[in-house]
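These notes concern the structure reproduced below.
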Number of protein chains: 2
Amino acid sequence: MVKPVVVRNLHGQVVQELGRLIVGGEIAPGQNLPREELLAERMKVSRTALREAMKVLSAKGLIESRQKTGTRVRDTLHWNQLDADVLAWRCASMPTDDFVDKLVEMREIIEPAAAAAAARRRNPDQLDRIEAAYEAMAASNDREEWSVADLAFHEAVLHATHNELMISLFAVIETALGSYLALSALKASDFKYSLPHHKKVLDAVRRRQPEVAREAMQKMVADSRSNIRRHAKKA
Amino acid sequence: MVKPVVVRNLHGQVVQELGRLIVGGEIAPGQNLPREELLAERMKVSRTALREAMKVLSAKGLIESRQKTGTRVRDTLHWNQLDADVLAWRCASMPTDDFVDKLVEMREIIEPAAAAAAARRRNPDQLDRIEAAYEAMAASNDREEWSVADLAFHEAVLHATHNELMISLFAVIETALGSYLALSALKASDFKYSLPHHKKVLDAVRRRQPEVAREAMQKMVADSRSNIRRHAKKA
DNA sequence: GCTGTACATTATGTAGTACAAATCATACCC
DNA sequence: GGGTATGATTTGTACTACATAATGTACAGC
C-alpha cells in the first residue's frame with residue numbers, strides 16, 4: 001500500500017535525495033548548496049545529471065540558482081507546497097502529527113464542497129461509477145478490499161464535480177494522507193462502520209441535493225478525523 | 001499588474017514555449033514529441049538545454065519520456081493542475097470563461113473555510129495585520145489602492161489560518177484569477193462596495209467566531225462572483 | 001581618503017561529442 | 001509457428017570546453 005517511488009532515472013534519484021534533505025530541514029533556507037562540480041562529485045553523478053535534478057527542484061520552488069552567487073535554498077514561502085513530491089517529503093520528515101492535522105483540515109474543506117458540486121453537476125455515467133464503488137464497499141470482505149473501494153468512491157465523487165482543480169487537489173492531499181496511515185483505518189473489527197454515511201452521500205448525489213450531500217460528507221470526514229486522531233495517538 | 005514571467009535562462013524559455021504548446025492543446029495528450037536531437041535543432045538550442053526543460057515539464061506531469069519510445073504528452077489527468085505555470089498557461093490559452101468558473105468555485109470553497117479557521121487560530125499579530133489591511137481599504141482613494149489593500153486583507157486572513165497548504169492554494173488560485181481580470185473589478189463608481197462585508201469578517205475574526213466569519217466571507221465571495229460574471233459577459 | 005571604473009575571479013549557463021542502456025521490431029532458428 | 005536472438009532507435013549519462021553574469025578587488029583619479 002505504500003507508494004513505490006521507484007525512480008529509474010539517475011537524476012530522479014538525485015531529486016529525491018536533495019528534496020528530502022531540503023524539505024527535511026538539513027539544508028536550511030538561505031543556505032547555499034556546494035558548487036555543482038563539487039556536489040556532483042560528492043554524489044557520484046555527472047554534473048549533467050545533477051543539473052537536471054536541480055532544474056526540477058527549482059521548478060518546485062525549493063531552490064534558486066544564479067551565476068556566480070551559486071544555488072541557494074529558497075524560503076519555505078516559495079515552496080510549491082501542493083506538489084506531490086514536496087508533500088511526500090514533508091510527510092517523510094515530520095514526526096509531529098501537526099502536519100496531519102493540516103492535511104485533514106484540507107480534506108474536510110474539499111470533500112463536502114465536492115459532494116455538493118457533484119450533486120449539482122454529476123451525469124448518469126458518473127453516478128453509476130459512484131454507485132459501483134459503493135456496491136464494492138458493501139460487498140468487501142476485508143479491510144484491504146474496503147480501502148480500495150472507499151478510495152474509488154471518493155475519486156468518483158470528485159470526478160463528478162467536473163472541476164479538475166478540485167480533483168488534483170484531492171489527489172495530492174489523499175496520497176499524502178495515505179502515506180501516513182491506512183486512511184480510514186478502523187482496526188479490523190468494524191471496517192464497514194462508515195457505510196451508512198456513504199449511502200447518504202450517494203443518495204443525495206443521485207437526487208441532486210447539494211446541501212444534503214455536503215452535510216453527509218461533512219459528517220463522514222469528521223468521523224474519519226476522530227478515528228485518525230485516535231489512531232495517531234496510539235502510534 | 002500583469003505578471004512579468006521574465007525568464008533569463010534559456011531552458012526556462014523552452015519550458016514556457018513547450019508548456020504553452022502542450023497546455024494549449026497544440027500537442028495533444030498521447031502524441032509524441034520529436035526526438036530530442038531534432039527538436040533541439042528546430043528550437044535552436046542545444047540538447048542539454050532542451051533536456052533540462054523537459055525534466056521540468058516532466059516534473060509538472062505534462063510529459064513522460066522513456067528510452068526508445070520517445071517523449072509523449074501525458075493525459076491531462078496526470079497534469080499538475082495546481083502548478084503555477086500550468087495554471088498560467090491554461091489561463092493564457094482558454095478563451096472560454098468556463099475555466100474562470102472553476103477558479104471561482106475553488107475560491108468560494110477555500111476562503112470561507114479560511115475565515116473560519118482564522119477566527120479559531122489567529123494570534124494578535126495576525127489580527128493586527130488583517131485590521132491594518134482593512135484600514136487601508138477604507139482609506140483608499142482609487143481602485144488601484146483598493147485592490148492592493150484588498151489582496152493584503154485576504155492574504156492576512158489566509159496567514160492567520162496557520163495552514164501553509166491553504167495559503168499556497170489561495171496564492172495559486174488568486175494569481176490565476178488575477179491574470180484574467182482586475183479581481184474584484186467593480187467599475188470605478190463604487191469600488192468600496194464590499195467594505196461592510198470585510199468589516200464583518202474582521203469583527204468575527206477578532207471575536208473568534210468561526211461560523212460568523214465563514215458566513216460573512218461566503219457572502220463576500222458570492223457577491224464578487226456575480227460581479228466577475230457580469231464583467232466577463234461584457235468582455 | 002574617497003569614489004568610480006576596470007579587471008580578475010568564480011559560479012552557473014550553454015554547446016557539443018561520445019557512449020551506455022533500454023526497448024521495440026524484425027529476422028531467424030528450432 | 002513460437003520463442004529467442006539481434007539490430008536499430010531513442011533517451012540516459014558522462015565529460016569537455018567555453019560563454020555569461022555577478023561579485024569582489026585593486027588601481028587610478030580626484
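Chain naming here is simple, since letters A, B, ... match the order of the sequence lines and numbering starts at 1 in each.
Smallest separation of non-hydrogen atoms from Lys55(A) and Ser65(A): NZ-OG, 4.3 Å. Considering all non-hydrogen atoms of both residues, Leu158(B) and Ile167(B) come closest at O-CG1, 3.6 Å. Closest heavy-atom contact between Ile110(A) and Ile173(A): CD1-CG1, 4.1 Å. When all heavy atoms are compared, the tightest approach of Phe153(A) to Met137(A) is CB-SD, 3.9 Å. Taking both residues in full, the closest heavy atoms of Val23(A) and Ser93(A) are given as O-OG, 4.0 Å, listed atom of the first, atom of the second, then distance.
For the side-chain hydrogen bond (donor to acceptor under 3.5 Å, both in side chains) test, residues two or more places apart in sequence or in another chain that qualify with Asp85(B) are Lys60(B).
If you take CD on Glu17(A) and NE2 on His11(A), they are separated by 14.0 Å, rounding to the nearest 0.5 Å. In this structure, CG in Asp125(A) is found 11.0 Å from CD1 in Ile130(A), a value given to the nearest 0.5 Å.
Projected onto DNA chain D by closest heavy-atom contact, Gly70(B) and Ala49(A) fall at different nucleotides, the more 5' of which corresponds to Gly70(B). For the pair Leu50(B) and Arg47(B), nearest-nucleotide mapping onto DNA chain C gives the more 5' position to Leu50(B).
Side-chain contact, His154(B) with Glu111(B): a donor N or O sits under 3.5 Å from an acceptor N or O.
The backbone N or O of Arg122(B) lies less than 3.5 Å from no partner atom in the side chain of Gln126(B), so there is not a single donor-acceptor pair.
Taken residue by residue, residues 31-39 of chain A places heavy atoms nearer than 4.0 Å to DNA chain C at Arg35(A), Glu36(A). Residues from residues 7-19 of chain B that place a heavy atom under 4.0 Å from any atom of DNA chain C, listed by number: Asn9(B), Leu10(B), His11(B). Of the residues in residues 58-68 of chain A, those with a non-hydrogen atom less than 4.0 angstrom from any atom of DNA chain D are Gln67(A), Lys68(A).
One interatomic measurement links the two molecules: NZ of Lys44(B) to P of dG16(C), which rounds to 12 Å at whole-angstrom precision.
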Give the table of side-chain donor-acceptor pairs shorter than 3.5 Å for residues 34-44 of chain B, with sequence neighbours excluded, one pair per line with atom names and distance.
residue, atom, partner, partner atom, Å
Arg35(B), NH2, Glu37(B), OE1, 3.2
Glu36(B), OE1, Arg47(B), NE, 2.8
Glu36(B), OE1, Arg47(B), NH2, 2.9
Glu36(B), OE1, Arg51(B), NH1, 3.4
Glu36(B), OE2, Arg51(B), NH1, 2.9

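Salt-bridge annotation for Asp98(B) and Lys102(B): present, with a side-chain N of the basic residue lying under 4.0 Å from a carboxylate O of the acidic one.
With a heavy-atom cut-off of 4.0 Å to chain B, the contacted part of DNA chain D has its first and last nucleotide at dT9(D) to dT13(D).
Taking side-chain N and O atoms only, Thr71(A) has a distance below 4.0 Å to OP1 or OP2 of dT12(C). An OP1 or OP2 oxygen of dA15(C) is reached within less than 4.0 angstrom by a side-chain nitrogen or oxygen of Ser46(B). Here Arg51(A) reaches the OP1 or OP2 of dG13(C): one of its side-chain N or O atoms lies under 4.0 Å away.
Donor-acceptor pairing under 3.5 Å, judged by distance alone, is absent between the side chain of Thr69(A) and the base of dA11(C).
The side-chain contact (heavy atoms from CB on, under 4.5 Å) test with Leu57(A) singles out one residue from Ile63(A), Val14(A), Val86(A), and that residue is Ile63(A).
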